[in-house]
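On a predicted model such as this, the values are computed, not experimentally measured, just so you know.
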Amino acid sequence: MRNLIPHLDGRVILKHVACQRLRARSRSGMKRTGKKTATDRNFVVALSRGLDVLRAFQPNDGLLGNQEIAARTNLPKPTVSRLTYTLTKLGYLAPVPRFEKYQLTPAAMSLGYAALANLGVRHLSEPFREELMRATGGAVAVGGRDRHSMIYFGQSRGSETVGVQLDVGSRVPIATSAMGRAYFWALAEDDRAELSRVLREHYGSRWPKMRDGLERSGETVAKYGFAMSVGDWHDDIGAAGVALKLNDGTGPYAFNCGAPAFRFTEERLINDIGPRLLAMVRNIEAVLGGLVPQSKKEISKKLKPGGKVARVAEGFR
């Protein structure tokens, strides 16, 4: 083959090189968007990349430049420049010329608040979360999946949980957190296999160790009804997690209850925190299923000792 190349017409060689580059770009694009979406004719890659740019902004970021966004999204910087220009024109990003960076605008934030407003489980679970927080001294949160993470959309935290610095919008990894593990094992088998593929591609060489932890958590869920993470996600955090399954086609979602590991030891998680969290989630499922009144005022009343929800909880202890 080498002997033939010098005799090829220059235009043929250039065409060959161009094809090779095109194939390389295609492979790169497939890696970013996933095998299924890369061959899905209904999938709009440009829209996906625009949303990736918005996703690049995290709660504590403030300002981001094109170079930082490119690093987080794995998109070429020229592409990022065009996307940030378009998002600025649409009003989702605001340029900060002094620093040559961008920040999210209220228009972008309104998307998130609209989503929160439509998540009935967030509002309905609030009195339950507050009650469990007071009873255990732990931070209690509810979240849903965002790619390879769980994102908090409801959080109840008191003065005793200063060591758990998480709030609405915070993310925890699916593979190592109690909330993520509970969510993972609540999925149907096919969905769980697909999520495993996503996590394997994301974590690469770190995946085998994480997979082992996930498999052990499955045994915990089967035995106790809840997942645990003691130092797996964060050295100083111990937490239990329980999935919430709904019949309306949404979710599943997951709750967790966590605190510094010296307070929430594995023994306490198994014997106290986990069972309490499990009872709380089952009570919420009962409310969502119409078995008990759904207004916040009525729910708060029912949470008092001797109330209907309290009696339901006793059945799970």
Side-chain angles (χ1 to χ4, degrees), residues 58-60 112-113 115-187 217 220-221 225-246 250-261 263-264 268-269 272-285 287-288 296 299-300 303 313:
Q58 300 299 314
N60 298 321
Y113 285 120
L116 288 177
N118 288 322
L119 285 169
V121 65
R122 174 177 179 260
H123 301 289
L124 186 144
S125 67
E126 185 175 357
F128 291 92
R129 290 187 276 111
E130 295 288 328
E131 179 73 8
L132 186 61
M133 177 197 70
R134 289 190 291 269
T136 64
V140 185
V142 57
R145 179 189 170 190
D146 182 21
R147 298 188 176 183
H148 47 77
S149 302
M150 300 295 289
I151 184 169
Y152 282 19
F153 57 79
Q155 165 79 304
S156 299
R157 188 176 64 203
S159 57
E160 297 182 33
T161 54
V162 292
V164 184
Q165 299 298 324
L166 297 171
D167 212 332
V168 173
S170 296
R171 299 169 188 271
V172 294
I174 289 176
T176 55
S177 69
M179 176 185 282
R181 289 171 170 179
Y183 170 87
F184 181 86
W185 290 106
L187 295 174
S217 72
T220 304
V221 171
F226 53 85
M228 293 191 302
S229 176
V230 184
D232 298 316
W233 165 57
H234 195 290
D235 291 342
D236 299 326
I237 300 296
V242 175
L244 173 71
K245 298 180 180 180
L246 303 177
T250 61
Y253 304 108
F255 289 80
N256 67 7
C257 182
R263 290 182 49 224
F264 277 18
R268 188 181 178 196
L269 288 171
D272 180 27
I273 305 302
R276 285 177 182 267
L277 182 65
L278 178 62
M280 183 199 80
V281 174
R282 296 297 172 260
N283 287 337
I284 294 172
E285 286 178 343
V287 172
L288 291 170
K296 287 186 179 180
I299 292 170
S300 297
L303 282 169

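Annotation: side chain of R171 is in contact with side chain of Q58 (closest heavy-atom distance under 4.5 Å). Side-chain contact check for F226 versus V281: every heavy-atom pair is 4.5 Å or farther apart. In this structure the side chain of V140 never reaches within 4.5 angstrom of the side chain of E130, judged on heavy atoms. At least one side-chain heavy atom of I284 sits under 4.5 Å from a side-chain heavy atom of L244. Between F255 and M179 the shortest side-chain heavy-atom distance does not fall below 4.5 Å. By the 4.5 Å heavy-atom criterion applied to side chains, F128 and N283 are counted as neighbours. Considering only heavy atoms from C-beta on, T136 comes within 4.5 Å of C257 through its side chain.
For E285 (side chain) and K245 (main-chain N/O), a donor-acceptor pair under 3.5 Å exists by modelled atom type. A side-chain donor-acceptor contact under 3.5 Å links R263 to the backbone of G137. Formation of a donor-acceptor pair under 3.5 Å by the R145 side chain with backbone atoms of R147 is found in this model. For S229 (side chain) and T176 (main-chain N/O), a donor-acceptor pair under 3.5 Å exists by modelled atom type.
Between Q155 and A141, the closest heavy-atom pair is OE1-CB, 3.4 Å. Smallest separation of non-hydrogen atoms from A139 and R157: CB-CG, 4.1 Å. When all heavy atoms of W185 and S217 are compared, the closest pair comes out as NE1-OG, 3.1 Å. For the residue pair R129 and G154, the shortest heavy atom distance occurs at NH1-C, 3.8 Å. Among all heavy-atom pairs drawn from M150 and G143, the shortest one is CE-O, 3.8 Å. Heavy-atom minimum distance, A182 versus A227: N-CB, 3.8 Å.
A donor-acceptor contact closer than 3.5 angstrom links the side chains of N256 and Y152.
One distance of note links NE2 of H148 with CD1 of I174; it measures 8.5 Å at 0.5 Å rounding. Residue E131 holds its CD atom at 13.0 Å from CD of E126, rounded to the nearest 0.5 Å. Note that CE of M280 is 5.5 Å distant from CG of L132, once rounded to the nearest 0.5 Å.
Ring centroid separation for the pair F153 and Y253 comes in under the 6.0 Å cut-off.
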Distance-only donor-acceptor pairs under 3.5 Å for side chains of residues 230-243, two or more places apart:
| from | atom 1 | to | atom 2 | distance (Å) |
| --- | --- | --- | --- | --- |
| D232 | OD2 | R181 | NH1 | 2.9 |
| H234 | ND1 | D236 | N | 3.2 |

